[in-house]
> 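Would you mind keeping the following structure in view while I ask a few things?
Only this structure's heavy atoms are used, side chains among them; waters, hydrogens and symmetry mates stay out.
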Amino acid sequence: MKPFDEMLSKSLAEEMTHAGIKIHTSCQVKEVNKNEGVLSLHVQRGGCPDDVMEGMDVLLWAVGRRANTGDIGLDKTGVKVDGHGFIKVDEYDNTEVHNVYALGDVTGRKLLTPVAIAAGRKLATRVFGNQPSAKLDYSNIPTVVFSHPPIGTVGMTQGVPVCDISSCLLT
């Protein structure tokens, strides 16, 4: 759970484990089999040999997101992508091509639908509303996990380095 404070992630994992949910991290799924309604999962952990987990009726794993930009011809437009296929934009959602913009999941920033909607509104305000400085501030986006118990966060986590007082003073 990358964007979340380590304490929140650990507390959620403990509560889910207490509720009987088995959590397996750092596993690479190799194969899933279903036999008479029962699932078996073949995984590899690090450089270790394959491990087989059996007797499950449901599997849920978080695999992240990828930008679906590989086959849409961006290479012919001059729009640049990073190593993960996310479209490169500046803080105003401008690509490197004049009057071509990108926002939302395709940019790899804060992959949340409400954030994409807010970014789209700011872009429309800037482009069509004569407000050239309008842009979305991505620094304090609230995020929630609809888990049991639910967790949420906003702002910096404890894992984010904090500047020292001399570099944070306003002059």
Side-chain angles (χ1 to χ4, degrees), residues 1-77 79-91 93 95-96 101-120 136-162:
M1 295 181 27
K2 244 194 314 196
F4 285 89
D5 184 88
E6 185 177 332
M7 184 179 69
L8 282 175
S9 297
K10 184 177 178 183
S11 295
L12 177 60
E14 288 172 359
E15 288 297 321
M16 293 175 90
T17 300
H18 181 72
I21 297 170
K22 294 179 183 172
I23 300 171
H24 300 274
T25 62
S26 303
C27 295
Q28 183 176 359
V29 177
K30 296 292 187 177
E31 185 179 346
V32 177
N33 295 311
K34 188 173 189 177
N35 186 12
E36 297 181 18
V38 178
L39 298 167
S40 63
L41 180 66
H42 300 254
V43 299
Q44 187 173 38
R45 301 169 199 260
C48 300
D50 285 3
D51 187 14
V52 179
M53 296 178 233
E54 298 179 307
M56 297 163 285
D57 52 274
V58 175
L59 295 174
L60 173 68
W61 67 83
V63 295
R65 298 183 189 172
R66 286 195 182 135
N68 191 10
T69 57
D71 295 326
I72 61 173
L74 289 177
D75 54 329
K76 295 177 177 100
T77 66
V79 172
K80 305 286 185 218
V81 296
D82 68 14
H84 300 285
F86 292 114
I87 295 175
K88 292 182 177 183
V89 294
D90 65 13
E91 64 184 315
D93 299 314
T95 67
E96 293 185 24
Y101 313 98
L103 51 84
D105 290 5
V106 77
T107 65
R109 300 182 296 183
K110 303 292 184 180
L111 309 177
L112 301 165
T113 301
V115 174
I117 292 168
L136 185 62
D137 178 1
Y138 286 87
S139 63
N140 287 311
I141 304 290
T143 305
V144 66
V145 174
F146 297 101
S147 55
H148 295 285
I151 62 171
T153 186
V154 64
M156 290 192 300
T157 65
Q158 288 181 340
V160 174
V162 179

> Looking at every non-hydrogen atom in both residues, tell me the closest pair between Gly152 and Leu8 and how far apart they are.
O-CD1, 3.5 Å
> Give me the atom names and distance for the closest heavy-atom approach of Phe86 to Ala67.
CD2-CB, 3.6 Å
> Only counting residues at least two apart or in another chain, list the ones meeting salt bridge (Lys or Arg N to Asp or Glu O under 4.0 Å) with Asp51.
Arg45
> On a heavy-atom basis, which atom in Ala116 and which in Gly104 lie closest, and how many Å separate them?
CB-CA, 3.6 Å
> Check whether more than 12 heavy atoms from other residues, nucleotides or ligands sit under 6.0 Å from atom CG of Asn68, and answer yes or no.
no
> State the CD1-CG distance between Ile141 and Leu136, to the nearest 0.5 angstrom.
5.0 Å
> Kindly compute the distance separating CD1 (Ile87) from OG1 (Thr77), expressed to the nearest 0.5 Å.
8.0 Å
> Rounded to the nearest 0.5 Å, what's the gap from OH on Tyr138 to NZ on Lys110? Could you check?
10.0 Å
> Only counting residues at least two apart or in another chain, list the ones meeting salt bridge (Lys or Arg N to Asp or Glu O under 4.0 Å) with Glu91.
Lys135
> Quick check: closest heavy atoms across Glu54 and Ser40, and the distance to 0.1 Å?
CG-CB, 3.9 Å
> If you round to the nearest 0.5 Å, how far is CG of Leu111 from CG of Asp105?
4.5 Å
> If I take atom OG1 from residue Thr143 and atom CD1 from residue Ile151, how far apart are they, to the nearest 0.5 angstrom?
10.0 Å
> Please check if the side chain of Thr107 supplies one atom and the backbone of Leu103 the other of a donor-acceptor pair under 3.5 Å.
no
> Going from CG on Leu12 to CD1 on Ile23, what distance comes out if it is rounded to the nearest 0.5 angstrom?
6.5 Å
> Only distances under 3.5 Å count here; give the side-chain donor-acceptor pairs of residues 27-39 to other protein atoms, sequence neighbours excluded, each with its distance to 0.1 Å.
residue : atom : partner : partner atom : Å
Glu31   : OE2  : Asn33   : ND2          : 3.1
Asn33   : ND2  : His42   : NE2          : 3.0

